[in-house]
Peer 1: 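First, the structure itself, so that you have it in front of you.
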Amino acid sequence: MKIQFAPTDVPLTRRLQMASVLQWVFSFLGLAPCCIMMFFVLMFTRFWLISVLYACWFFVDWETPSKGGRRFHFLRHLRVWDYMRDYFPVKLVKTADLDPGKNYILGFHPHGVLVAGAFINFCTYATGFRKLFPGLDSFLLMLPLWFRAPFFRDYIMMAGLIPSDKESASYLLRRQGGGNAVVIAVGGAPEALDARPGAFNILLANKKGFVKLAMEHGAHLVPVFSFGENELFDQVGNPRGTCLRWIQDKLQSIMGISLPLFHARGIFQYSFGIIPYRKPINTVVGRPIRVEKNEKPTEEELDALHQLYTEELSQLFEEHKGKYGVPENQHLSFV
């Protein structure tokens, strides 16, 4: 394979953009295992007291992730996120106002490999979420598994991440006065296995839990489509029915996380690596769907709202696809 090396005269700004994305990829893929390892290694050094004190803190602080987390605004304001935004670049597009007196569930599609668009738009202030939607605070849901990792859990909470379980989302949606936007990557880990350039398969047909959650709390639903999310990485072929896909699905059902075999570019060359491609991400926030509070919705009511959400998401995609290079004959496929 011929390797295409990066030129040596790359401007400093682009190098900083690369560094910002590199640290994010490391945080996403490698920081949690490193934190766990550090916790146990410290136990066998003269710094063992750090791990003991943290274990006590972990016990006392156990429920914090499910009660809104512990956000640090200075972390979400860091300059590093501006560089990461400009690397792709990422843009947040508003199509309608969201009343800050209400609570919302934002359904994010597609999941992509590493949900880059969701992170930069809703866990940082780099794309102007607070300016576009004044009075709203965004919280991105993440697999509960990561909130069991010592030290790492505190880092991700600082960015506004909370566990992707009903208890955590309900805590925010129950808050009086509104102003909370809970962001759910509806397709979840399984959808990541289908994330590749040119793919528009949306795992939604049987995903009704977030709709029921919205009805139980009277939270308005907002479809969000992130154009370019699937263009960031290539993935080893894994069609349904193949041995590789069977193994991936089995591991996902056991561990709760998917293991897509993805690749893109490297740091000093463009031929291979796990750094995402420089492809634009345009995250379009759709119109809110009004939801009346119904603590015990019937199956028919649930199906009707789910169908309405699916139609709104499809319409959002059709209205904006031409602006972002999607062919006119390309439509969403709901699976």
Side-chain angles (χ1 to χ4, degrees), residues 23-24 26-78 103-106 108 111 114-115 118-119 122-124 136-186 188-190 209-210 212-214 216-217 219 251-259 295:
Q23 66 80 30
W24 171 74
F26 170 73
S27 297
F28 204 100
L29 300 178
L31 186 57
C34 288
C35 288
I36 295 172
M37 185 181 300
M38 180 176 68
F39 175 81
F40 286 106
V41 168
L42 286 175
M43 292 288 291
F44 299 96
T45 70
R46 60 194 178 103
F47 302 106
W48 60 270
L49 186 59
I50 296 176
S51 291
V52 172
L53 292 176
Y54 185 85
C56 296
W57 163 252
F58 193 101
F59 178 78
V60 173
D61 198 53
W62 179 263
E63 294 186 356
T64 297
S66 61
K67 292 186 176 179
R70 184 171 45 248
R71 300 194 306 170
F72 280 34
H73 291 287
F74 86 88
L75 178 66
R76 294 159 68 100
H77 270 300
L78 290 178
N103 289 322
Y104 299 89
I105 292 180
L106 276 61
F108 183 88
H111 182 283
L114 297 180
V115 284
F119 177 83
F122 304 114
C123 292
T124 79
L136 283 183
D137 288 325
S138 57
F139 299 83
L140 179 63
L141 270 62
M142 189 176 188
L143 287 173
L145 169 70
W146 302 120
F147 293 87
R148 303 294 179 259
F151 305 119
F152 182 71
R153 69 189 287 273
D154 299 280
Y155 172 68
I156 57 179
M157 277 197 294
M158 289 168 64
L161 289 151
I162 61 173
S164 56
D165 54 43
K166 184 175 181 180
E167 179 186 358
S168 302
S170 295
Y171 179 85
L172 295 170
L173 298 175
R174 283 196 301 264
R175 286 182 176 177
Q176 299 298 316
N180 300 292
V182 175
V183 184
I184 302 176
V186 178
F210 75 105
K212 185 177 182 180
L213 185 67
E216 290 175 344
H217 296 282
L251 290 174
Q252 192 277 321
S253 65
I254 295 173
M255 301 186 300
I257 59 175
S258 61
L259 299 172
E295 295 184 358

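Just so it is clear, the model here is predicted, and its values are computed rather than measured.
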Peer 1: Drop me the distance from Arg153's CZ to Thr64's OG1, to the nearest 0.5 angstrom.
Peer 2: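 Interatomic distance, Arg153 CZ to Thr64 OG1, rounded to 0.5 Å: 6.5 Å.
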
Peer 1: Could you list the residues that satisfy side-chain hydrogen bond (donor to acceptor under 3.5 Å, both in side chains) with Glu295, not counting sequence neighbours?
Peer 2: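 Glu295: no side-chain hydrogen bond (donor to acceptor under 3.5 Å, both in side chains) contacts found.
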
Peer 1: Does a side-chain heavy-atom distance below 4.5 Å link His77 with Phe72?
Peer 2: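 When only atoms from C-beta onward are counted, Phe72 and His77 do not touch, as no gap falls below 4.5 Å.
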
Peer 1: Check salt bridge (Lys or Arg N to Asp or Glu O under 4.0 Å) between Arg76 and all other residues, then give those that pass, not counting sequence neighbours.
Peer 2: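 For Arg76 there are no salt bridge (Lys or Arg N to Asp or Glu O under 4.0 Å) partners, ignoring immediate neighbours.
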
Peer 1: Measuring only between side-chain heavy atoms, which start at C-beta, is Ile184 closer than 4.5 Å to Ser164?
Peer 2: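 Not in contact.
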
Peer 1: Name the orientation class of the two ring planes belonging to Phe122 and Phe108 (parallel below 30°, tilted from 30 to 60°, perpendicular beyond 60°).
Peer 2: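 If you compare the ring of Phe122 with that of Phe108, the planes turn out perpendicular.
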
Peer 1: Please enumerate all residues that pass side-chain hydrogen bond (donor to acceptor under 3.5 Å, both in side chains) together with Arg70, with sequence neighbours excluded.
Peer 2: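 Result, side-chain hydrogen bond (donor to acceptor under 3.5 Å, both in side chains) vs Arg70: Asp61, Asp154.
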
Peer 1: Could you tell me whether the side chain of Ile162 reaches within less than 4.5 Å of the side chain of Leu141, counting heavy atoms only?
Peer 2: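 Answer yes - side chains close enough.
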
Peer 1: To check you understand the geometry: which heavy-atom pair defines the closest contact between Leu172 and Gly68, and what is its length?
Peer 2: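 It is CD2-CA, 3.9 Å.
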
Peer 1: Mind checking what makes side-chain hydrogen bond (donor to acceptor under 3.5 Å, both in side chains) contact with Gln252, not counting sequence neighbours?
Peer 2: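 By the side-chain hydrogen bond (donor to acceptor under 3.5 Å, both in side chains) rule, Gln252 matches no residue at all.
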
Peer 1: As an exercise, state the distance from CD1 of Ile156 to CZ of Phe147, rounded to the nearest 0.5 Å.
Peer 2: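 That separation rounds to 3.5 Å.
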
Peer 1: Look up atom CZ in Phe151 and atom CZ in Phe58, then write down how far apart they are to the nearest 0.5 Å.
Peer 2: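 Taking CZ in Phe151 and CZ in Phe58, the distance rounds to 10.5 Å.
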
Peer 1: Please list every donor-acceptor pair under 3.5 Å in which a side-chain atom of residues 27-47 meets a protein atom from a residue at least two apart or in another chain.
Peer 2:
unit_1	atom_1	unit_2	atom_2	d
Ser27	OG	Gln23	O	2.8
Thr45	OG1	Leu42	O	3.0
Thr45	OG1	Phe47	N	3.1

Peer 1: Check whether any side-chain N or O of Asn103 sits under 3.5 Å from a backbone N or O of Asn180 as a donor-acceptor pair, and report yes or no.
Peer 2: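 At least one qualifying donor-acceptor pair exists.
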
Peer 1: Which atom names give the shortest non-hydrogen contact between Ser66 and Glu167, and what distance separates them?
Peer 2: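 It is OG-OE2, 3.7 Å.
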
Peer 1: Shortest non-hydrogen contact from Trp146 to Ile257?
Peer 2: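 For Trp146 and Ile257, the tightest heavy-atom pair comes out as CZ2-CG2, 4.3 Å.
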
Peer 1: Measuring from Arg71:CZ to Ser138:OG, what's the distance to the nearest 0.5 Å?
Peer 2: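 Atom-to-atom, Arg71:CZ and Ser138:OG are 6.0 Å apart.
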
Peer 1: Ala159 and Leu75: which non-hydrogen atoms are nearest, and at how many Å?
Peer 2: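 So the minimum-distance heavy-atom pair works out to N-CD2, 3.9 Å.
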
Peer 1: So which heavy atom on Leu106 is nearest to which on Tyr104, and how close?
Peer 2: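 Scanning both residues, the minimum pair turns out to be CD1-CB, 3.7 Å.
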
Peer 1: Taking all non-hydrogen atoms of both residues, which atom of Ser170 and which atom of Leu213 are closest, and how far apart?
Peer 2: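 Answer, listing the atom of Ser170 first, then Leu213: OG-CD1, 3.4 Å.
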
Peer 1: Report the residues that fulfil side-chain hydrogen bond (donor to acceptor under 3.5 Å, both in side chains) with Asp165, sequence neighbours left out, ordered by chain and then residue number.
Peer 2: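 Ser168.
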
Peer 1: Contact between Trp24 and Leu114 at the side-chain level, heavy atoms closer than 4.5 Å - yes or no?
Peer 2: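 Answer yes - side chains close enough.
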
